[in-house]
Novice: 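One structure, as structure tokens, below. Some questions next.
Proteins get letters first, then strands, A, B, ... in listed order; numbering begins at 1 in each.
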Amino acid sequence: MRNFRVPLLITTPIYYANAAPHLGSAYTTIAADVLARHWRNQKRRVFSLTGTDEHGQKVADAAKQAGVDPQAFVDQQAKVFKTAFQGLNVGFDRFIRTTEPDHLKGVEFFLNQLKKAQTPKKRPAIYKGIYQGWYCQGCEKFLTEKELVEGKCPLHQTAPQYLTEENYFFRLSDYLPQIRKAISQNKLKIFPSTARQETLGYFKQGVQDFSISRQKVDWGVPLPFDKRQTAYVWVDALPNYLTGVGYGQGRRYRNWWRGEVVHFMARDILKFHAIYWPALLLAVGEPMPYTIVAHGFFTVEGKKMSKSLGNVILPKEAIAKFGVDGTRYLLLSACPFGQDGDLSMVRFLEKYNADLANGLGNLASRTTNMLERYLVGRVSLGQPPKPLLRANQHIENFDFFRALQEIWKTITWANQAIDKVQPWELAKKQDKTSQAKLKKFLSELAAQLLEIAKAIKPFMPEAGKRIEASLHAESIKKIPPLFIRAV
RNA sequence: CGCGGGAUGGAGCAGUAGCAGCUCGCCGGGCUCAUAAUCCGGAGGUCGGGGGUGCAAAUCCCCCUCCCGCAACCA
């Protein structure tokens, strides 16, 4: 049983600033926002955190290509992300940037703690090691095996040199047993269970120590104990979860970091969050996060989204067509949370019209219209016949898909009830029993609609508010269309 | 034997042991409060293939076929 008085820190990854926000980042961010809104509605203390990861070679490259210096470039990118998230109606408490002075200070502190740390086996957590890899002179960076095409750099068509450089390593291996135990005992919870299994699988495959610094990357945080090297971007990025709540500036970060912590992300960075990050935290003497929530990937019409295929769906296209609420709904109802999903604009359109315009929107219309016409807008709301407790439970278990299913079952139930009772027939009759029956039914229906509005509010804040406002009015009037049918 | 996910009526998907469900589409009917919305009924599936365990399997075990992600520092 969770203690709902414990403060809750909800995070998204900080998004890498070299590219524009896409549907995947929108999905993660919306999911985190839904959870945050849900808990805020329950009056729980919540701090939600998102932001941009602005260091690293790729950002430097992107800036160079744009012909501006890195700082100017990331300033611009941060704005792009902020605007995009505002456009999705996500209300974060803080948007952190890794180039902010606060963060830099926090990371330096973090790195110093790391340098001082002893592993459980009483060895220094940080040691000097040799990093080897294929270095491309043209790119001025190490390429991964995967990036090589027939042994050559795809960009410069030259064979890279096999170079070695000395940098600092983190002795991850000494922390693995403790993390593995925490995961298998569900002290460190990973949702959904498939992601948990995947993580445990990593341990079986073996996880190696990793280097925390680079010699040849200038655009980064210099190591406080060796200024010739900069921090490996992950070691710069992950601590944002701490610095975002004030780490490095006294103890106030503990207000949040000693509470419940939930990290949202896509599965591609699960390993970093479920293994590297807990280990780093153990090393610097901080508690591990409580919960890691990883979702899957989207394909579009069966294929991986890619610019070259031209099947990329941008968040703003969806918003233009289906509105903010509509987009939030369509994304979270696209597939069970945690699984991979397939999207298409055609299906979005079908679902938007079926579920939102014809379903929720129409129910709100017919209900409020009958209240206005038959009861002159006056009704005292009773208890909803179908409370939506299970929808809330699903949200708390990060199962947004099923939460929505639950709510939509109730919408169907309400539509069926209206047709069964036929309030318009009761309204024609003037006798007392019919009038009483009518009044009772409509007050229940109104209560049910209010219940639905409350339940959808975390997902669709605007629609939820509008329905609530309409039902709380002195005299209830027919609500204007919530979702205009799209074509 | 690298790791993992998937294959369910025309389309898209739920469903991890107990008479196979949902949405869209299609056919027929009802209603008129409502955003040409809504409600009822119907057609349509041997749940990728084969074998096994169970009183009972889409659901557990084994084998096979086909798809898709990820694979040591890619952030």
Novice: Can you identify which nucleotide, out of B:rC24, B:rU35, B:rC39, has its nearest atom closest to the A:T412 side chain?
Specialist: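 Nucleotide nearest to A:T412's side chain: B:rC39.
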Novice: As a test of reading the structure: which of B:rC73, B:rC31, B:rG12 is closest to the side chain of A:F169, going by heavy atoms?
Specialist: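 Of B:rC73, B:rC31, B:rG12, B:rC73 is nearest to the side chain of A:F169.
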Novice: Answer with base, sugar-phosphate or nothing: what part of the nucleic acid does A:N415 contact at a heavy-atom distance below 4.0 Å?
Specialist: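 Sugar-phosphate, no base atom in range.
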Novice: If you check every side-chain atom of A:R214, which of B:rC40, B:rC74, B:rU32 has the closest atom?
Specialist: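 The nucleotide sitting nearest to the side chain is B:rC74.
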Novice: Could you work out the separation of B:rA71 and B:rA57 based on their P atoms and round it to a whole Å?
Specialist: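 The answer is 41 Å between these two P atoms.
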Novice: For B:rG69, does OP1 or OP2 lie under 4.0 Å from any side-chain N or O of A:R267?
Specialist: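 Checking B:rG69 against A:R267, no side-chain N or O comes under 4.0 Å of OP1 or OP2.
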Novice: Residues in salt bridge (charged side-chain N to carboxylate O under 4.0 Å, His left out) with A:R97, at least two apart?
Specialist: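 Salt bridge (charged side-chain N to carboxylate O under 4.0 Å, His left out) check on A:R97 returns A:E54, A:D75.
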Novice: Of A:N18 and A:R402, whose closest RNA chain B nucleotide lies nearer the 5' terminus?
Specialist: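 It is A:R402 whose nearest nucleotide is closer to the 5' end.
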Novice: Does the distance from a Lys or Arg side-chain N to an Asp or Glu carboxylate O, for A:D226 and A:R228, drop under 4.0 Å?
Specialist: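 Result for this pair is yes, salt bridge flagged.
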Novice: What integer number of Å spans the P atoms of B:rG6 and B:rU59?
Specialist: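 Result for the P pair: 13 Å, nearest Å.
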Novice: In plain terms, say whether A:E451 and A:K386 are close enough for a salt bridge, that is, a side-chain N and a carboxylate O under 4.0 Å apart.
Specialist: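 Looking at A:E451 and A:K386, the cut-off is not met.
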Novice: Output the rounded distance in Å from CZ (A:F297) to P (B:rC3).
Specialist: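 Taking atom P of B:rC3 as the reference, CZ of A:F297 is at 19 Å.
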Novice: Respond yes when some side-chain nitrogen or oxygen of A:N369 is under 4.0 Å from OP1 or OP2 of B:rA34, and no when none is.
Specialist: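 Looking at the OP1 and OP2 atoms of B:rA34, one of them is under 4.0 Å from a side-chain N or O of A:N369.
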Novice: Say you pick atom C1' in B:rG69 and the same atom in B:rG9; how far apart are they, in whole Å?
Specialist: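 To the nearest whole Å, 28 Å.
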Novice: Rounded to whole angstrom, note down the C1' distance from B:rC62 over to B:rC26.
Specialist: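 Their C1' atoms lie roughly 41 Å apart.
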Novice: Both distances under 3.5 Å, Watson-Crick or G-U wobble: report the partner of B:rA36, or none.
Specialist: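 B:rA36 is paired with nothing.
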Novice: Should the pair A:D325-A:K465 be classified as a salt bridge under the 4.0 Å nitrogen-to-oxygen rule?
Specialist: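 Looking at A:D325 and A:K465, the cut-off is not met.
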Novice: Does A:Q197 put a side-chain nitrogen or oxygen below 4.0 Å from OP1 or OP2 of B:rG4?
Specialist: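 Result: no.
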Novice: Could you please name the partner base of B:rA17, counting Watson-Crick and G-U wobble pairs only when both distances are under 3.5 Å?
Specialist: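 With both distances under 3.5 Å required, B:rA17 matches none.
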Novice: Taking any strand in view, what nucleotide pairs with B:rU59 in a Watson-Crick or G-U wobble way, both distances under 3.5 Å?
Specialist: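 Across all strands, not a single nucleotide pairs with B:rU59.
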Novice: Less than 5.5 Å between centroids and less than 30° between ring planes, does A:F210 satisfy that with B:rC73?
Specialist: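 Whether judged by distance or by angle, A:F210 falls short somewhere, so it does not stack on the base of B:rC73.
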Novice: Students often get this wrong, so: under 4.0 angstrom with heavy atoms, is A:R485 touching a base, only sugar-phosphate, or nothing?
Specialist: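 Base contact - A:R485 has a heavy atom under 4.0 Å of at least one base atom.
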Novice: Once hydrogens and angles are ignored, does a donor-acceptor distance under 3.5 Å link the base of B:rA34 to the side chain of A:N362?
Specialist: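 By the distance-only test, yes, there is a pair.
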Novice: Quick one: sort the A:F81 and A:Y15 rings into parallel, tilted or perpendicular, breaks at 30° and 60°.
Specialist: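 The arrangement is parallel - the two ring planes meet at less than 30°.
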Novice: Regarding A:Q57, tell me which of base, sugar-phosphate or nothing describes its non-hydrogen contacts under 4.0 Å with the strands shown.
Specialist: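 The answer is nothing, as A:Q57 stays clear of every strand by at least 4.0 Å.
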Novice: Is it possible for you to check whether A:R171 lies under 6.0 Å from the centre of the six-membered ring of A:Y127, through NZ or CZ, and within 45° of that ring's axis?
Specialist: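 Positive - A:R171 is close enough to the ring of A:Y127 and near enough to its axis.
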Novice: Looking across every strand, which nucleic acid part, if any, lies under 4.0 Å from A:Y16 by heavy atom: base, sugar-phosphate, or nothing?
Specialist: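 Counting heavy atoms under 4.0 Å across all strands, the contact made by A:Y16 includes a base.
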Novice: Does a distance-only test, which skips hydrogens and angles, find a donor-acceptor pair under 3.5 Å between the side chain of A:D419 and the base of B:rG30?
Specialist: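 Answer yes: a donor N or O sits under 3.5 Å from an acceptor.
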Novice: Mind checking if A:Q422 touches a base, just sugar-phosphate, or nothing, with heavy atoms under 4.0 Å?
Specialist: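 Counting heavy atoms under 4.0 Å across all strands, no contact is made by A:Q422.
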Novice: Which whole-number value in Å describes the distance from A:L375 CG to B:rC33 P?
Specialist: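 Distance, rounded to whole Å: 15 Å.
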Novice: Taking B:rA37 as the reference, what is the distance to B:rG5 when you measure between their C1' atoms (whole Å, please)?
Specialist: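 It works out to 39 Å between them.
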Novice: What does A:A237 touch in the nucleic acid at a heavy-atom separation under 4.0 angstrom: a base, only the sugar-phosphate, or nothing?
Specialist: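 Here A:A237 touches no strand at all.
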Novice: Which nucleotide in the list B:rU35, B:rC33, B:rC13 gets nearest to the side chain of A:W424?
Specialist: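 Looking only at side-chain atoms, A:W424 lies closest to B:rC33.
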Novice: Once you measure the plane-to-plane angle for A:F85 and A:F92, does it fall in the parallel (<30°), tilted (30-60°) or perpendicular (>60°) bin?
Specialist: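 Tilted: the ring planes of A:F85 and A:F92 meet at 30° to 60°.
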Novice: Applying a 3.5 Å limit to both distances, which nucleotide forms a Watson-Crick or G-U wobble pair with B:rU23?
Specialist: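 When the pairing criteria are applied, B:rA11 turns out to be the nucleotide that pairs with B:rU23.
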Novice: Which is true for A:E425 with a 4.0 Å heavy-atom rule: it touches a base, it touches only sugar-phosphate, or it touches nothing?
Specialist: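 If one applies the 4.0 Å heavy-atom cut-off, A:E425 turns out to touch the sugar-phosphate alone, with no base involved.
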Novice: If you assign A:F483 and A:I130 each to the RNA chain B nucleotide with the nearest heavy atom, which residue ends up on the more 5' nucleotide?
Specialist: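 Checking each residue's closest nucleotide, the 5'-ward one belongs to A:F483.
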Novice: What's the CD-C1' distance between A:Q339 and B:rU16, to the nearest Å?
Specialist: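 One finds 12 Å between C1' of B:rU16 and CD of A:Q339, rounded.
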Novice: Describe the nucleic acid contact of A:G201 in one word from base, sugar-phosphate, nothing, applying a heavy-atom distance below 4.0 Å.
Specialist: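 The residue A:G201 makes no contact with any strand.
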Novice: Say you pick atom C1' in B:rG28 and the same atom in B:rU35; how far apart are they, in whole Å?
Specialist: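 Going atom to atom, C1' in each nucleotide, I get 25 Å.
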Novice: Select base, sugar-phosphate, or nothing to describe what A:Y232 touches, counting heavy atoms under 4.0 Å on all strands.
Specialist: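 Counting heavy atoms under 4.0 Å across all strands, the contact made by A:Y232 is with sugar-phosphate only.
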Novice: Excluding sequence neighbours, so at least two apart, what forms salt bridge (charged side-chain N to carboxylate O under 4.0 Å, His left out) with A:D342?
Specialist: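 With sequence neighbours excluded, A:D342 shows a salt bridge (charged side-chain N to carboxylate O under 4.0 Å, His left out) to A:R347, given in chain and number order.
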Novice: Could you tell me whether A:Q208 contacts a base, only the sugar-phosphate backbone, or nothing, with contacts defined as non-hydrogen atoms closer than 4.0 Å?
Specialist: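 The residue A:Q208 makes base contact.
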Novice: Between B:rG21 and B:rC40, how far apart are the two P atoms, rounded to whole Å?
Specialist: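 Rounded to whole Å, the distance is 16 Å.
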Novice: Which one, B:rU23, B:rG12, B:rU32, comes nearest to the side chain of A:R347?
Specialist: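 Shortest atom-to-atom distance from the side chain points to B:rG12.
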Novice: Between B:rU35, B:rC73, B:rU32, which nucleotide gets closest to the side-chain atoms of A:Y131?
Specialist: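 Nearest to the side chain of A:Y131 among the choices is B:rC73.
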Novice: Looking only at side-chain atoms of A:L482, point me to the closest of B:rC73, B:rU35, B:rG69.
Specialist: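 Of B:rC73, B:rU35, B:rG69, B:rU35 is nearest to the side chain of A:L482.
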Novice: Can we say A:D102 and A:R94 salt-bridge, meaning some charged N sits less than 4.0 Å from an Asp/Glu carboxylate O?
Specialist: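 A:R94 and A:D102: salt-bridged.
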Novice: Can you check the distance between B:rC27 and B:rA43, where both ends of the measurement are the C1' atom (answer in whole Å)?
Specialist: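 Approximately 7 Å lies between the C1' atom of B:rC27 and that of B:rA43.
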Novice: Closest approach to the side chain of A:K478, judged atom by atom: which nucleotide of B:rA34, B:rA14, B:rC33 is it?
Specialist: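 Closest of the options to the side chain of A:K478: B:rA34.
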Novice: Among B:rC33, B:rA14, B:rU35, which is the nearest nucleotide to the side chain of A:F401?
Specialist: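 The listed nucleotide nearest to A:F401's side chain is B:rA14.
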Novice: Is the base of B:rG10 syn or anti, where syn means the angle lies within 90° of 0?
Specialist: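 Chi for B:rG10 falls in the anti range.
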Novice: Can you tell which of B:rA34, B:rC39, B:rG69 lies closest to the side chain of A:R373?
Specialist: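 Of B:rA34, B:rC39, B:rG69, B:rA34 is nearest to the side chain of A:R373.
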Novice: Tell me what A:P13 touches on the nucleic acid: a base, only sugar-phosphate, or nothing, going by heavy atoms under 4.0 Å.
Specialist: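 Nothing, no heavy atom under 4.0 Å.
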